[in-house]
Amino acid sequence: MQDTLTALRGLQEIDRHIFRVQAELERLPKELEQRQEVLVRLKEAIVEREFSVKELRVRIKEIEDATTGLRQRQRKLENESNTAGVDAALLASFQHEIRQVKRTVSQAEDDGLRLVSEADEVEKGLTELQERLAEENKTFEEFQGNVSKETEEAETKLAELSTKREKEASTSIEAPVLDLYTKLLASRGGEAMAELADMVCQGCFVGIPRNLSVRLARQVEIVQCPNCQRILYSF
Ligand SMILES: [Zn+2]
């Protein structure tokens, strides 16, 4: 049984590395995807703001055109009110209309100014976002380069470990024991074995009953931790 445990520990040594490399190979594309999503959201925000700015500029232009038209109307009314032969009633009517046009112009100018400052604000935010995107793009490209390099390295390492593992696993470990070990490896985060030290399982740090420790010392059977089920060994 001691031989089996030794063989299992040899296997565990390799599998621990394999587990880490596999986790790395899963993590890398996920992280890449997350970073890509950030870029997509940034681009969306930029498009949205570009649209807002465009819309605001159109409205500002409309207001400017309307104001120009109103000013022309104002001048025309002023000219007409100054021509000879205008009686008092007509003059009063002209003046009334002129006052109305002036009020409308003043209101439109206020609206225009408000929209201009709003557009400036949005444009400022837009510039900041564009700068951020340029930076994020650069970081992303670097990251992407690193990821493909790291992935390649991890794949090479995994191939090496797999070859090594095949050799180890072909040593005499009974099928049911190897089965148990393999299941534990998957369910216990790549650690199927645990040392028993001072009656405490070093995999989950829970104390185990004395009889189990005695059984382990006899070296005639596989003994598992009653708490984490890992295969126990001791020195
Ligand atoms: Zn345990």
Side-chain angles (χ1 to χ4, degrees), residues 1-42 136 139-235:
M1 191 48 61
Q2 201 56 23
D3 289 350
T4 305
L5 284 181
T6 305
L8 280 175
R9 280 178 47 222
L11 205 55
Q12 171 69 82
E13 196 58 42
I14 300 166
D15 282 335
R16 183 177 299 124
H17 292 301
I18 289 181
F19 205 84
R20 273 192 212 134
V21 174
Q22 278 170 339
E24 184 81 348
L25 281 169
E26 268 175 47
R27 182 186 65 80
L28 289 170
K30 271 187 203 151
E31 204 176 326
L32 199 66
E33 203 177 304
Q34 277 168 359
R35 281 171 183 250
Q36 217 154 12
E37 273 167 28
V38 172
L39 287 183
V40 168
R41 281 200 294 277
L42 252 178
E136 296 272 355
T139 314
F140 181 77
E141 271 167 33
E142 274 169 32
F143 182 76
Q144 202 171 25
N146 287 340
V147 163
S148 49
K149 205 175 129 227
E150 278 170 43
T151 304
E152 207 178 299
E153 281 168 6
E155 271 161 2
T156 310
K157 177 105 188 160
L158 188 61
E160 281 168 18
L161 286 167
S162 300
T163 313
K164 213 166 145 193
R165 189 191 197 278
E166 247 169 69
K167 276 186 207 151
E168 285 282 337
S170 64
T171 57
S172 56
I173 300 171
E174 283 171 53
V177 176
L178 191 60
D179 244 27
L180 171 67
Y181 165 84
T182 309
K183 276 183 194 135
L184 284 169
L185 197 66
S187 63
R188 294 292 176 267
E191 293 287 342
M193 315 277 297
E195 190 194 342
L196 183 68
D198 298 325
M199 305 281 289
V200 172
C201 164
Q202 299 300 300
C204 65
F205 300 103
V206 167
I208 71 154
R210 176 163 295 276
N211 70 317
L212 280 185
S213 138
V214 171
R215 276 166 57 195
L216 182 61
R218 274 195 217 126
Q219 297 183 5
V220 290
E221 61 188 324
I222 290 290
V223 179
Q224 289 175 261
C225 166
N227 181 56
C228 71
Q229 278 79 47
R230 288 189 177 93
I231 298 165
L232 294 171
Y233 63 88
S234 63
F235 294 108

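The basis for the numbers below is simple: all heavy atoms, side chains too, and nothing from hydrogens, waters or symmetry mates. Note that ligands are numbered from 1 as they come in the structure, with each ligand's atoms numbered from 1 the same way.
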Those residues at least two apart in sequence (or on a different chain) that pass side chain to side chain donor-acceptor pair (under 3.5 Å) with Gln219 are Gln2
Residue pairs passing the salt bridge (Lys or Arg N to Asp or Glu O under 4.0 Å) test with at least one member in residues 173-184, sequence neighbours excluded, are none
Practice problem: Give a yes or no answer on whether the side chain of Arg165 reaches the backbone of Ile14 with a donor-acceptor pair at less than 3.5 Å. | Solution: no
Counting only protein N/O/S atoms, those under 2.8 Å from the Zn ion (ligand 1) total 4
So the ring-ring contact (aromatic ring centres under 6.0 Å, His included) pairs with at least one residue in residues 215-235 (sequence neighbours excluded) are Tyr233-Phe235
| message | Checking the side chain of Gln12 only, and the main-chain atoms of Ala192 only, is there a donor and an acceptor separated by less than 3.5 Å? | response | yes
Review point. Are Glu24 and Leu28 close enough that some pair of their side-chain heavy atoms sits under 4.5 Å apart?
Key: yes
